[in-house]
Amino acid sequence: MDLLSQLNAQQQKAVTISDGPVLVLAGPGSGKTRVLTHRAAWLVQERGVPPWHIMAVTFTNKAAREMQGRLEQILGPSRARSMTLGTFHAICARILRREADAIGIPRDYVIFDAEDQVRLVKQALQDLNLDEKRYPSRSVLNAISRAKNELITPQAYQASSYYGEIVKRVYERYQALLEANSGLDFDDLLMVTAQLFGQHPEVLARYQERYQHILVDEFQDTNMAQYVLLRQLSGKYHNLFCVADEDQMIYAWRGADYRNIRRLREDHPNLVTILLEQNYRSTQTILDAANAVIRHNPDRTEKRLFTRRGRGPAIVIHEAYDQNDEAAFVVETVTRLMARDGVQPGDCAVMYRTNAQSRAFEDAFVRAAIPYKLVGATRFYARAEIKDLIAFLRLIHNPADGVSMSRVINVPPRGLGQKTVELVEDTARRQGISVYEALRKLAHAPQLGTRAQRALGAFLELLEGWIAVREQIGVAELMDRVLQDTRYADYIRDGTEEGEERWANILELRNVAASYADLTLTEFLADVALVSDVDGLIGEVNAVTLLTLHSAKGLEFPVVFITGLEEGLLPHSRSLESPEQMAEERRLMYVGLTRAKDRLFLTYTFRRSQYNGDLSVPSRFLADIPGELVSGSHRRRVIERSRSAGLWIK
DNA sequence: TGATCGCGCCTTTTT
DNA sequence: GGCGCGATCA
């Protein structure tokens with residue numbers, strides 16, 4: 001069968017294994033995702049499983065789209081599309097939309113993204129008269145998010161310290177605010193779905209029948225809530241097929257729990273474990289370097305990774321003077337590889353630990369006129385102008401959405417200040433009505449100055465006009481109406497370059513809406529909240545990829561640059577405190593190294609002009625890479641520099 | 001009300 | 001070194 005002919009014996013075994021719980025433990029580049037995809041296809045093609053009984057969970061939307069594409073090639077579009085594919089969040093969002101009534105959430109709930117969450121926490125802190133300086137919203141939000149990932153409700157939250165007591169109070173208030181705005185945050189999508197299944201066995205039973213086969217990619221990065229969801233859904237048929245690599249667990253900070261692998265074993269005594277050890281991606285040189293780095297982590301199952309790809313070129317370690325010199329080296333190298341070795345820009349990736357490092361590379365690539373694309377960073381959907389327009393749409397969709405209302409009530413400025421906005425919100429709260437109703441009352445109330453009243457009235461009129469047509473016209477047309485009625489272009493195109501860029505972003509969002517013309521407003525808003533990168537929506541271009549090590553997970557490139565290999569940056573200074581965090585940094589480095597197929601360049605600077613301007617110390621990870629894998633005399637220099645800085649060398 | 005200035009802050013990673 | 005926030009002024 002040609003479905004299996006491209007796979008090796010181990011992979012075939014995994015794909016064709018009989019029903020029941022399965023864990024595939026595999027190293028990087030071993031075809032994990034491919035095994036998962038083929039398993040899904042095999043179930044349909046050979047076992048006659050109806051595709052709608054299969055659910056495949058991926059880590060990112062992009063991975064889901066790629067898997068969809070491959071399945072369409074194998075099974076044909078219609079069968080592939082009747083499978084359920086996506087991230088946990090996307091799948092849960094759909095389930096909740098359908099089962100809203102059972103769990104008592106509004107059917108038209110909106111998803112609150114990270115920025116909305118921070119706003120809401122700030123509001124909660126203010127409501128409780130807590131000082132934001134002492135209780136930074138970000139850190140409180142982190143604690144709340146962690147609790148939700150563990151399925152702990154505000155009521156069940158156990159405060160073990162004074163700070164914990166504060167968190168508990170803010171959490172309670174925050175949750176009330178979310179509810180008042182008919183919002184669910186990212187973590188709620190998982191938590192509420194788990195609650196739904198826990199409280200309504202009859203609903204769960206329906207989904208257990210629906211999803212008789214569940215496949216999970218990147219299982220090592222699931223959190224407690226996700227694990228519980230998997231246990232609930234697979235509770236009847238136990239056809240759970242998980243693919244994992246412990247060495248690539250890089251999301252502990254966001255609640256990913258390595259113990260889930262152990263839990264899986266404990267919960268399923270009949271779990272079949274399969275190891276995939278052959279690597280199809282990288283040269284032996286790259287694999288050896290990666291192994292040398294990851295070896296230092298304690299408590300891991302040693303894997304014997306091997307490849308048939310041969311040694312390949314040596315790794316290049318380069319010391320640059322500062323970050324601009326580092327970027328220049330990268331650009332020069334890319335240029336040289338393009339000229340001499342026929343490398344395409346799209347073959348190359350530049351990776352770094354923090355998004356802030358991307359700027360120097362962007363500048364350098366712009367100057368060299370080499371196309372590049374930036375993954376993440378100021379994410380498209382997090383840009384102010386995009387959030388403005390989406391807030392308008394959300395408000396039209398659900399006029400009770402107070403967060404969106406307060407975002408755009410005075411955008412562009414129409415003479416409504418803080419005081420008037422507060423009055424609207426207070427009225428809503430005191431009378432127990434929505435902000436929209438409060439707005440309607442106040443727009444004709446005499447207690448306001450004429451100026452504020454007229455501004456409120458004008459805004460209300462606009463809003464009502466849009467609401468009146470929201471069912472009749474498409475999302476793109478609705479956007480046009482909003483942009484036109486608010487004269488948004490005049491507001492944003494201030495003659496500066498940034499202004500033009502912002503306007504271009506607006507137009508791009510409009511194009512996205514136009515290209516999904518069949519989506520209703522509700523569907524569009526649901527999708528938008530769950531999409532993180534617009535690159536996925538615009539399609540592939542032949543450009544150098546600039547991305548963080550985290551977002552490199554699951555990708556591969558012929559040429560990889562890992563930059564900023566300095567103590568304090570990679571490993572990051574925030575991870576120096578605990579061995580667990582240091583181990584995670586090491587895994588992050590491992591993920592980066594193993595993205596490379598052929599060529600690997602590792603760079604660090606002599607001095608990174610940062611806040612303190614000190615000389616930098618080369619990363620300890622560099623010193624782990626055996627000298628014979630590296631070309632030139634760089635390695636000796638690294639070790640000397642590390643030694644003179646007093647760093648312990650193994 | 002809104003714009004501007006200056007201060008002080010921190011500085012990871014993302015569905 | 002940049003950004004967000006708050007205070008201050010028009």
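Note that the structure is a prediction, hence the values are computed from the model and not measured. In what follows, every chain begins at residue 1, and chains take the letters A, B, ... in the order their sequences are listed.
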Keeping to residues at least two apart or across chains, list the salt bridge (charged side-chain N to carboxylate O under 4.0 Å, His left out) pairs with something in residues 83-93 of chain A. none
Any residue meeting side chain to side chain contact (heavy atoms under 4.5 Å, CB included) with A:Gln226, in chain and number order, not counting sequence neighbours: A:Phe88, A:His89, A:Leu190, A:Thr222, A:Asn223
Contacts of A:Ser182 meeting side-chain hydrogen bond (donor to acceptor under 3.5 Å, both in side chains) (sequence neighbours excluded), chain-then-number -> A:Asn398
Reckon A:Asp187 touches a base, only the sugar-phosphate, or nothing at all at heavy-atom distances under 4.0 Å? nothing
Going by side chain to side chain contact (heavy atoms under 4.5 Å, CB included), name the residues that satisfy it together with A:Val435, two or more places apart in sequence or in a different chain. A:Met405, A:Glu425, A:Ala428
Among residues 85-96 of chain A, which contact DNA chain B at a heavy-atom distance under 4.0 Å? A:Thr87, A:His89
Listing time: all N or O pairs from protein to nucleotides 5-10 of chain C that are below 3.5 Å?
unit_1, atom_1, unit_2, atom_2, d
C:dC5, OP1, A:Lys122, NZ, 2.8

Ignoring hydrogens and geometry beyond distance, is the side chain of A:Arg353 in donor-acceptor contact with the base of B:dT13 at under 3.5 Å? yes
Got a sec, which residues hit side chain to side chain contact (heavy atoms under 4.5 Å, CB included) with A:Ser145, two or more places apart in sequence or on another chain? A:Asn149, A:Asp187
Sorted by chain and residue number, the ring pair (Phe, Tyr, Trp, His ring centres under 6.0 Å) partners of A:Phe219 (sequence neighbours excluded) come out as none
Results of side chain to side chain contact (heavy atoms under 4.5 Å, CB included) for A:Gln123 - residues two or more places apart only: A:Asp127, A:Leu177, A:Arg429
Going by side-chain hydrogen bond (donor to acceptor under 3.5 Å, both in side chains), name the residues that satisfy it together with A:Asp257, two or more places apart in sequence or in a different chain. A:Arg259, A:Arg263
What parts of residues 138-154 of chain A reach DNA chain B, counting only heavy atoms under 4.0 Å away? none
Just checking, A:Arg608 and A:Tyr352: is the charged tip under 6.0 Å from the six-membered ring centre and within 45° of the axis? no
Using the side-chain hydrogen bond (donor to acceptor under 3.5 Å, both in side chains) criterion, which residues pair with A:Lys122? Sequence neighbours excluded. none
